[in-house]
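Just so you know, these numbers come straight off a predicted model, no measurement behind them. Residues take their numbers from the sequence shown, with the count starting at 1.
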Amino acid sequence: MSKCKTKKLDLGCWWCDPKHSRYSEVSFSFPALDPCSAYISLNEPWRNTDHQLDESQGPPLCDNHVNGEWYHFTGMAGDAMPTFCIPENHCGTHAPVWLNGSHPLEGDGIVQRQACASFNGNCCLWNTTVEVKACPGGYYVYRLTKPSVCFHVYCGHENECEQNNGGCSEICVNLKNSYRCECGVGRVLRSDGKTCEDIEGCHNNNGGCSHSCLGSEKGYQCECPRGLVLSEDNHTCQVPVLCKSNAIEVNIPRELVGGLELFLTNTSCRGVSNGTHVNILFSLKTCGTVVDVVNDKIVASNLVTGLPKQTPGSSGDFIIRTSKLLIPVTCEFPRLYTISEGYVPNLRNSPLEIMSRNHGIFPFTLEIFKDNEFEEPYREALPTLKLRDSLYFGIEPVVHVSGLESLVESCFATPTSKIDGVLKYYLIRDGCVSDDSVKQYTSRDHLAKHFQVPVFKFVGKDHKEVFLHCRILVCGVLDERSRCAQGCHRRMRRGAGGEDSAGLQGQTLTGGPIRIDWED
């Protein structure tokens, strides 16, 4: 008989088979642990959404140690991940991570949700997929992935939906200091705002359909007029609206228009038919477009109206299918918003009202100019400047719209293009000039800002370039209480009740590189 040795492994053992004089493997299988009873607690106070980053107390934090384990928020960190956008520089870091979706019910088991990191005015600049489970006792556990970059931190929040699902019969959506109940598609909230009931068919509230509701033996389904499509909720029809940087474009199916002639608030602006659609293209400054600031949005709106033609046209439009067509068109700038396009059913002898809303970017550029006239920027190649030269830079709107003004909330320089680098030098902070050598020029355009500063470089022979990054906010000129009207206001972002603390997110512009010739 050959000699035989035993060898132990973590999840099994090797044993000797004397008959065949060889090793055999015996493996053991263990039941998977329930994550509701096997998790890591996250209880750091700085994870709470109410905690704002103060770099004077330490550098921003990063969850680079998190790597696919199950976690439970507890203590001063909160008891759940927030399900709403968290402004940057909260939760002890630059880019806080929140849950983009609702929490599951206990019976749903383990579900997947998108987690988003907020930064640079984008609520979901970075995203990943995490797993969530609702546990007995009303708490949640999360299987969190390692962030691909720093500085990202998973946020905690006090969840009003934790106790008894907020009293909601189906979905409880956690909001900041509040919550709301929602129902699944095909069901609606009762008058108590808590419980849901089925929309059993087309006879009940038109089945929840914005347009046609077709019943069948198996149930019902919503349908749209030709040329329109159902949205993801399978109940609402949509019409396309495109928010461009300098214009708004609406395309309305020809079948919907019928024998109507379309025009905007300024009736000289009319729709043009291409055979299948009627196209209306108008700028933010013409055709009666109204641009205003509403809360944290820049809103451009107009009204498309359709009325019967006075005489039959060459296209053979002798009949009409509705007495009037109304399409309020709204574009929101410059931040990311949820598209909301919906129809109201066409009742007898009433106008067909179409809501059309979308989002876009209200654009600015950061320009490096040749002199203090601020008329000729460097276009082909950025300059190489000496330390004794002056650097002229400015914030320029791509579209000049009256009634708006801007505030340069911050401008800082970095030796590389990375905006979140550790090494940075502030020229403007909280709307205040941080470097006394910075000079601001007046401009006829309330949206444009122009500055001059002596050329500088970062310490070190390897640092031969400078990149500028400026963060701006847009306000209404006539709003005397806006953040722009306040101008220089130190520690504004940490104050209570200011616009920034209410969720305002500006655009951050980057310019460069500016090459520094520092060897005389």
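Counting heavy atoms from C-beta on, the side chains of Phe393 and Gln452 never come closer than 4.5 Å. Ser102 has its side chain out of reach of Glu182: every pair of non-hydrogen atoms, C-beta onward, lies at least 4.5 Å apart. Contact of the Pro45 side chain with the His51 side chain is not registered, since no non-hydrogen atoms from C-beta on lie closer than 4.5 Å. Residues Leu99 and Val130 have side chains in contact (heavy-atom distance under 4.5 Å, counting atoms from C-beta outward).
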Problem - Verdict with supporting geometry, Leu61 and Phe151, side-chain contact (heavy atoms from CB on, under 4.5 Å) - result: CA-CA 6 Å; Leu61 299 164; Phe151 299 93; over 6 Å; no

Exercise for the section: Using the ring pair (Phe, Tyr, Trp, His ring centres under 6.0 Å) rule, take Tyr139 and His72 through it: C-alpha gap first, then chi angles, then the decisive distance, then the call. Expected result: CA-CA 8 Å; Tyr139 64 93; His72 169 49; 4.9 Å; yes

Handout entry: Trace of the side-chain contact (heavy atoms from CB on, under 4.5 Å) decision for Phe451 with Leu468
Key = CA-CA 12 Å; Phe451 302 92; Leu468 290 179; over 6 Å; no

Practice task
Start with the C-alpha gap between Gln112 and Thr129, add the side-chain angles, then the distance that decides, and say whether side-chain hydrogen bond (donor to acceptor under 3.5 Å, both in side chains) holds.
Solution key: CA-CA 7 Å; Gln112 290 188 333; Thr129 300; 5.6 Å; no

Exercise for the section: Would you please test Leu284 and Ile248 for side-chain contact (heavy atoms from CB on, under 4.5 Å) and show each step? Expected result: CA-CA 7 Å; Leu284 304 182; Ile248 299 173; 4.0 Å; yes

Practice task
List the steps, then state whether salt bridge (Lys or Arg N to Asp or Glu O under 4.0 Å) holds for Glu88 with Arg471.
Solution key: CA-CA 13 Å; Glu88 63 183 84; Arg471 178 182 170 87; 3.4 Å; yes

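Test Phe73, Trp98, Tyr71 against Tyr142 for ring pair (Phe, Tyr, Trp, His ring centres under 6.0 Å) and you get one pass: Phe73.
Under 3.5 Å, the side chains of Asp435 and Tyr425 contain a donor-acceptor pair of N or O atoms.
In this structure, the separation between NE2 on His157 and CE on Met81 is 12.0 Å, given to the nearest 0.5 Å. Between Ile86 atom CD1 and Cys155 atom SG the span is 5.5 Å, to the nearest 0.5 Å. In this structure, the separation between SG on Cys411 and CG on Leu366 is 6.5 Å, given to the nearest 0.5 Å. Considering OG of Ser434 and CZ of Phe412, their distance stands at 12.0 Å, rounded to 0.5 Å. A distance of 8.0 Å separates CD1 in Ile40 from NE2 in His65, rounded to the nearest 0.5 Å. Of the inter-residue distances, the one linking Glu405 atom CD with Ile472 atom CD1 reads 12.5 Å to the nearest 0.5 angstrom.
Between Cys85 and Cys116, the two SG sulfurs stay at or beyond 2.5 Å from each other. Sulfur-sulfur distance for Cys196 and Cys181: not below 2.5 Å, with no disulfide indicated.
With respect to the salt-bridge test (charged N to carboxylate O, under 4.0 angstrom), the residues Asp34 and Lys133 qualify. Taking 4.0 Å as the cut-off between side-chain N and carboxylate O, Asp63 and Arg47 count as a salt-bridged pair. Using a 4.0 Å cut-off between charged side-chain N and carboxylate O, Lys194 and Glu170 make no salt bridge.
Ring geometry, Phe369 versus His450: the interplanar angle exceeds 60°, so the pair is classed perpendicular (tilted spans 30 to 60°).
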